Amino acid sequence: MRQLKLFLAAILGIALMVACGKEEKSGGSSYEDLWGGNENKDETIDYVRTVEQAEDDYQYPEAGAEEFYSPSLNHTRYNPIKVKYYSGSCPAATPGKVPSWKEEKARIVHNMVGYETETKTYEKYKTLTNKWGSTLTMPRQEVTGRFYTKKIDGRWWIIDPEGYVHYERGVTSFRHGSSARNAAAFNERFQGNDQVWIDVCRQELAETGIHSTGAFCTNAYSPMVAYNKTHGNTPIILCPSFGFLSKFRSAKNGGQWPGGSDTYEACLVFHPDWPAWCEEYVKSSAFDEYRYEKNCLGFFSDNEINFSYTLLKSCLAITDNNDLAKKGATEFMQSKNATAYTEALGREFAGVMAEKYYKAVRNAVDKYASGLMYVGTRLHGYPKYVQQVVEAAGRYCDIVSINYYSRWSPELTGAVKDWGNWADKPFMVTEFYTKGVEDSDLPNTSGAGWCVPTQKERAYAYQHFTLGLLEAKNCVGWTWFKYQDDDGSDNDNMPANKGLYDNYYKMYPTLAKFMREVNFNVYDLIRYFDGKLK
């Protein structure tokens, strides 16, 4: 039976290669040339098995002795594997190379004690989930026709428009690449047609347990809305991103940043017109495609705002007393009867800015886009660890969005626990990723995601990080950064291996396999971590 399975897998794989065009070339380089002979053969065989969902044929890495996973919110056991990583990008002087590898334990589904993967095929997965990837095995909730959040038995969830319990799994930056080889591949594989591209990739993503797109889908939001109107049974979830602060700067602050730099962008909230302008903007045509779109999870109002506790000190150092940032900081210090900066005051000042920002957007949404979830600003770096900032986000956002970098594992007993206490709202990880160095033709000299040796380690890192998120009862999902590798002129001419897809619009097979193994089993894995799996 197994031999027949492999034979059928091989036949299907050959058919797929013929249909999709195995020899996708651009600038004289073939897909095979990109990866090299033996490594590409291994990946091709793995891709055939990925199509057939033949996880039992995969040679998993050697694991260590059984132990308790830590830091953890429960007492599950696992057999750790070791994964090499480099906590940064490749140096510009030696692109595609790292100075030295570190090593850390990783948890993968295959090595979790007391859990056996149940759903291995897309056919089985489809019987357990609906068109949005929501589970059909949990009690149905109130039907509102829109996505919303709800805490059930101590765990936060997203509820889909038909009342089914949903856990978000997505990719960001679902858009065309900008390089010559990317454009050539897009035209060859999708006939240069957005609707063909969305149709094909939506299906491929669904077969990997991914149903959603996140921020930065610049040239694809409108095509996705158009696609959903004619594909009601196979929709793709979208969550558009906006730039409230930059648009407000242009409209009301003479096109100038406070302090003369976008470092001080958050200080725009001290402008007296900020609340009224937010209402004008949400009321405008910019929101027309999403205001009543049931396949729209929600929206981001900005990206990675600098709600840093050190900003107060910088604002006070501005010499122009009429500058918006200087005035806001001075008035804050006067309200505190303070004459010198302290970190405690800096954190409070960051919270004041966050309060003004989120409150104005929330009021505008309630007035002119009621029912559309507000998913925040993708907090990153220091701001996501500032209590006052997270508290303000929790007061006004439906979901607190976090871009989560610089950690090998989710901080389950630290920051993740704090976010739950501070915000009293669920959070969603809206960026995380790793980059393969040794089997990528991209220099990897940019990006916050850490480097790992190959695509296999990227796959292991995905499972390790997402399994940690599934333990957290205040996490409602994640979006991988990003849909496709940076290439050509992307990211200030510093391309990197960030994507699930390469620049020929082909999924990385090992990464896709390990993504699917978690994504297909999300709801069972949650029951396992919550002690409810029988």
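These figures come from a predicted structure and were not determined experimentally. Heavy atoms only: backbone and side chains are in, while hydrogens, waters and symmetry mates are out.
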Practice problem: Might you confirm whether atom NZ of Lys124 has over 12 heavy atoms from other residues, nucleotides or ligands at distances under 6.0 Å? | Solution: yes
Practice problem: Verify whether the ring centers belonging to Tyr523 and Tyr167 lie closer than 6.0 Å. | Solution: no
Quiz item: Do the two ring centres, one from Phe432 and one from Tyr405, sit under 6.0 Å apart?
Solution: no
Quiz item: Going by distance alone, is a donor N or O of one side chain under 3.5 Å from an acceptor N or O of the other, for Lys435 and Ser89?
Solution: yes
Exercise. Sorted by first residue and then second, give each salt bridge (Lys or Arg N to Asp or Glu O under 4.0 Å) pair with at least one member in residues 395-406; sequence neighbours left out.
Key: Glu355-Arg395, Arg362-Asp398
Quiz item: So, do Tyr85 and Trp408 have ring centers that fall under 6.0 Å from each other?
Solution: yes
Self-check item: Under 3.5 Å: donor-acceptor pair, side chain of Asn474, backbone of Val416
Solution: yes
Exercise. Apply side-chain hydrogen bond (donor to acceptor under 3.5 Å, both in side chains) to the pair Asn79 and Glu67, showing each step before the final yes or no.
Key: CA-CA 6 Å; Asn79 296 87; Glu67 62 182 68; over 6 Å; no
Quiz item: With respect to Thr430, which candidate in Thr172, Thr479, Thr377, Asn403 satisfies the side chain to side chain donor-acceptor pair (under 3.5 Å) definition?
Solution: Asn403
Exercise. For Gln484 and Asp502, test the side chains for any donor-to-acceptor distance below 3.5 angstrom and give the result as yes or no.
Key: no
Quiz item: So, Arg107 versus Tyr460: side-chain donor-acceptor pair below 3.5 Å or not?
Solution: no
Quiz item: Under the side-chain hydrogen bond (donor to acceptor under 3.5 Å, both in side chains) criterion, do Thr135 and Tyr164 qualify, and how do the steps go?
Solution: CA-CA 6 Å; Thr135 181; Tyr164 292 99; over 6 Å; no
Practice problem: Scan Phe147, Trp156, Tyr148 and name whichever one has a ring-ring contact (aromatic ring centres under 6.0 Å, His included) with His166. | Solution: Phe147
Quiz item: Considering residues at least two apart in sequence or located in another chain, which fulfil the salt bridge (charged side-chain N to carboxylate O under 4.0 Å, His left out) criterion with Arg140?
Solution: none
Self-check item: salt bridge (Lys or Arg N to Asp or Glu O under 4.0 Å) contacts touching residues 157-168 (sequence neighbours left out)
Solution: Lys131-Glu162
Quiz item: Taking the six-membered ring for Trp, are Phe174 and Tyr483 ring centroids under 6.0 Å apart?
Solution: yes
Quiz item: For the ring-ring contact (aromatic ring centres under 6.0 Å, His included) test, which of Phe514, Trp480, Tyr433, Tyr508 pairs with Tyr462?
Solution: Trp480
Exercise. Please assess Thr117 against His110 for the test side-chain hydrogen bond (donor to acceptor under 3.5 Å, both in side chains), listing each intermediate value before the final yes or no.
Key: CA-CA 8 Å; Thr117 302; His110 184 263; over 6 Å; no
Quiz item: Would Tyr357 and Asp302 satisfy side-chain hydrogen bond (donor to acceptor under 3.5 Å, both in side chains), going step by step from the backbone distance to the final call?
Solution: CA-CA 10 Å; Tyr357 178 92; Asp302 265 299; 2.7 Å; yes
Quiz item: Could you walk me through whether Gln387 and Asp418 pass the side chain to side chain contact (heavy atoms under 4.5 Å, CB included) check?
Solution: CA-CA 8 Å; Gln387 179 174 349; Asp418 288 340; over 6 Å; no
Exercise. Name all residues meeting the salt bridge (charged side-chain N to carboxylate O under 4.0 Å, His left out) criterion together with Arg378; count only those two or more places apart in sequence or in a different chain, and write none if there are none.
Key: Glu431
Practice problem: Determine whether the aromatic ring centres of Tyr501 and Trp197 lie less than 6.0 Å apart. | Solution: no
Quiz item: Taking only residues two or more places apart in sequence or in another chain, which ones pass salt bridge (charged side-chain N to carboxylate O under 4.0 Å, His left out) with Asp530?
Solution: Arg155
Practice problem: Look at the side chain of Tyr221 and the backbone N and O of Cys217, then say whether any donor-acceptor pair between them is shorter than 3.5 Å. | Solution: yes
Quiz item: Donor-acceptor pair, Ser72 side chain versus Phe68 backbone, under 3.5 Å?
Solution: no
Exercise. Report the residues that fulfil side chain to side chain contact (heavy atoms under 4.5 Å, CB included) with Thr218, sequence neighbours left out, ordered by chain and then residue number.
Key: Arg175
Practice problem: Evaluate side chain to side chain contact (heavy atoms under 4.5 Å, CB included) for Phe190 paired with Cys201, printing each intermediate quantity in order. | Solution: CA-CA 10 Å; Phe190 310 115; Cys201 290; 3.9 Å; yes
